[in-house]
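All residue numbers in this chain count up from 1 along the given sequence. Computed over heavy atoms, backbone and side chain alike; hydrogens, waters and symmetry mates excluded.
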Amino acid sequence: MEEKQIENTGAGGGQFVYETYKKGICIRKYRGVGENAVIPPVIDEKPVIAIERKAFLSCKTIREITLPDTVEEIGDWAFAHAEGLRYITIPHHALSRGKELFLGCKRLREIILNCSGEEKALCTSQGLGRMLALGVTVLHDYFLFDPVDVGNDGWVKRWDEKLLALVALDDLDGFEELWTCGEEDYEGKDYDIKSYPVEKRKMKLRIVYFRLLHPYKIAEETYAALKTYLGRHTKGTDAPQAWELILEEHKNDLDYYRIFAEAGGVTEENFDGLLADMEGVSAEIKAYMLRYQEEHFSRKDAFAAFTLDW
């Protein structure tokens, strides 16, 4: 069969290899070094209905992929090891999918549902696209990859259950597998027994912060459990990664300090140390922290509330 190609109209160009499949077209392969792959809804006057297995396998340069609403099937490992992939837009309807679609896509930030109006606003404001991406890349649950169910009560409950299970895992979980796979000679934090649990806690805490900042349909007990976990990793403990993450990645984001404080991360004992760490932090955030100290820890004169009226 003669190979057919069509140009990619996204940034960086490249070509899509395609073939006739069932009632429409199947995208077999992307070729090129583009950053943005935009798949057309119609090729040769037929709808694009499928993405073949491994179609974007190991496409290192791809940062964003847009699938048309006509797509109905996605094959095994379709986007696996596209290590630079950050965003993918998918149809907002039921999809037949293969296994491990996003295996190795560690930078995938958001799976965007191609919905409109109120649904799109809800997904954006509540972080549902981010939850969907985390569901398949970190929580490793492809039952969550269901465009129709995203955001409903059962979906959110399952997502939170998977997060709580991740939080409960030992911080050295998975490290032994590196050795049995012969990867102990690799360099980097992922392969050092001292750094591994620290990075594992940071990974967990990033998701905990995200969920507390986007508490859409979260159960009270789940919210409380996540706050407790975050509060256990404050400055002054043996594992202060909740505080370290703020300074490293969200230094001037007030919302993170607020969540940190509300989770019990700010105490009377560690306050001076926290303040000393806040070099270069905005005046607004320092003011918030000082206000928090005054409201929660300042010792007040028991007689200050009384006045003598002669």
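The hydrophobic cluster containing Ile74 does not contain Trp77, counting ILVMFWY residues as joined when their side-chain heavy atoms lie under 4.5 angstrom apart, directly or transitively. Both Phe297 and Trp243 belong to a single network of hydrophobic side chains, linked directly or stepwise wherever heavy atoms of I, L, V, M, F, W or Y lie under 4.5 Å apart. One hydrophobic cluster, built from ILVMFWY side chains closer than 4.5 Å, holds both Tyr30 and Ile25. Under the 4.5 Å side-chain contact rule for hydrophobic residues, Ile39 and Ile112 do not share a cluster. When the side chains of ILVMFWY residues are joined at heavy-atom separations under 4.5 Å, either directly or via intervening members, Leu139 and Leu132 end up in a single hydrophobic cluster.
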From CA spacing to verdict: side chain to side chain contact (heavy atoms under 4.5 Å, CB included), Met289, Val266: CA-CA 9 Å; Met289 294 289 281; Val266 180; 3.9 Å; yes
Test log, rule salt bridge (charged side-chain N to carboxylate O under 4.0 Å, His left out), inputs Lys23 and Glu72: CA-CA 11 Å; Lys23 61 181 180 181; Glu72 300 171 356; 3.3 Å; yes
When you look at Tyr209 and Tyr256, which way does the ring-ring contact (aromatic ring centres under 6.0 Å, His included) test go after all the steps? CA-CA 7 Å; Tyr209 269 123; Tyr256 276 82; 5.1 Å; yes
The test is side chain to side chain contact (heavy atoms under 4.5 Å, CB included); show your working for Leu134 and Leu108 and say whether it passes. CA-CA 8 Å; Leu134 288 168; Leu108 182 62; over 6 Å; no
Arg97 and Tyr142: side chain to side chain contact (heavy atoms under 4.5 Å, CB included), yes or no, with the steps? CA-CA 9 Å; Arg97 58 152 184 86; Tyr142 274 90; 3.3 Å; yes
Yes or no on side chain to side chain contact (heavy atoms under 4.5 Å, CB included) for Ile259 and Leu230, after CA distance, side-chain angles and deciding distance? CA-CA 9 Å; Ile259 289 295; Leu230 194 156; 4.0 Å; yes
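In plain terms, the two heavy atoms of Cys26 and Ile51 that are nearest each other are SG-C, 4.4 Å. Shown here for Ala55 and Ile27, the closest heavy-atom pair between the two residues is CB-O, 4.0 Å. Pairing each heavy atom of Leu172 with each of Asp170, the nearest pair is N-OD1, 2.7 Å. Scanning both residues, Pro41 and Pro68, for their nearest heavy atoms gives CA-CB, 3.6 Å. Residue Val208 comes nearest to Leu226 through the heavy atom pair CG1-O, 3.6 Å, listed as atom of the first residue, atom of the second, then distance. When all heavy atoms of Pro91 and Pro147 are compared, the closest pair comes out as O-CB, 3.5 Å.
Within the 4.5 Å cutoff, the side chain of Arg211 has heavy atoms near those of the Tyr216 side chain. Two residues are said to be in side-chain contact when any heavy atoms from C-beta on lie closer than 4.5 Å; Tyr288 and Arg291 meet this criterion. The closest side-chain heavy-atom distance from His81 to Phe56 is not below 4.5 Å. Side-chain contact check for Met278 versus Lys286: some heavy-atom pair is nearer than 4.5 Å. Side-chain contact between Val138 and Met203 is present, with heavy atoms from C-beta onward closer than 4.5 Å. A 4.5 Å side-chain heavy-atom check between Phe143 and Arg158 finds at least one atom pair inside the cut-off. The shortest side-chain heavy-atom distance between Val17 and Lys4 does not fall under the 4.5 Å cut-off.
Between Asp160 and Lys157, no side-chain nitrogen of the basic residue sits less than 4.0 Å from a carboxylate oxygen of the acidic one, so the salt-bridge criterion is not met. Between Glu199 and Lys194 no salt bridge is recorded (no basic side-chain N to carboxylate O distance below 4.0 Å). Ionic pairing of Glu73 and Lys22 is present here: one or more N-O contacts between side-chain nitrogen and carboxylate oxygen are shorter than 4.0 angstrom.
Clustering of Ile, Leu, Val, Met, Phe, Trp and Tyr side chains at separations under 4.5 Å leaves Leu57 isolated, with no partner residue. With a 4.5 Å cut-off between side-chain heavy atoms of Ile, Leu, Val, Met, Phe, Trp and Tyr, the cluster of Tyr21 takes in Ile49.
Legend: residues meeting side chain to side chain donor-acceptor pair (under 3.5 Å) with Asp76, ordered by chain and number and at least two apart, are absent. Residues forming a side chain to side chain donor-acceptor pair (under 3.5 Å) with Arg206 (at least two apart in sequence, or on another chain): Glu249. For His140, there are no ring-ring contact (aromatic ring centres under 6.0 Å, His included) partners, not counting sequence neighbours. Looking at residues two or more places apart in sequence or on another chain, you find no salt bridge (Lys or Arg N to Asp or Glu O under 4.0 Å) involving Asp272. Scored by the salt bridge (Lys or Arg N to Asp or Glu O under 4.0 Å) test, Lys46 finds no partners at all (sequence neighbours excluded). Among residues two or more places apart in sequence or in another chain, the salt bridge (Lys or Arg N to Asp or Glu O under 4.0 Å) test is passed with Asp171 by Arg201, Lys204. Every residue meeting the ring-ring contact (aromatic ring centres under 6.0 Å, His included) condition with Phe210, not counting sequence neighbours, appears here in chain and number order: His214.
Sorted by first and then second residue, the side chain to side chain donor-acceptor pair (under 3.5 Å) pairs with a member in residues 119-132 form an empty list; sequence neighbours excluded. Residue pairs meeting the ring pair (Phe, Tyr, Trp, His ring centres under 6.0 Å) criterion with at least one member in residues 87-139, sequence neighbours excluded: Phe79-Phe102, Phe102-Phe145. For residues 144-154, the pairs satisfying salt bridge (charged side-chain N to carboxylate O under 4.0 Å, His left out) are Asp153-Lys217, with sequence neighbours left out.
The side chain to side chain contact (heavy atoms under 4.5 Å, CB included) test with Asn114 is passed by exactly one of Ile90, Thr66, Thr89: Thr89.
With rounding to the nearest 0.5 Å, the separation of CG in Asp141 from CG in Leu144 is 4.0 Å. Rounding to the nearest 0.5 angstrom, the gap separating the CD1 atom in Ile285 from the CG atom in Leu254 is 5.5 Å. The NZ atom of Lys235 lies 13.0 Å from the CZ atom of Phe271; values are rounded to the nearest 0.5 Å. In this structure, Leu205 CG and Glu244 CD are separated by 10.0 Å, a value rounded to the nearest 0.5 Å. Taking CD1 of Ile88 as the start and CZ of Arg63 as the end, the distance is 14.5 Å to the nearest 0.5 Å. Of the inter-residue distances, the one linking Phe260 atom CZ with Tyr292 atom OH reads 9.5 Å to the nearest 0.5 angstrom.
More than 12 heavy atoms of other residues, nucleotides or ligands shown are found within 6.0 angstrom of CD on Glu248.
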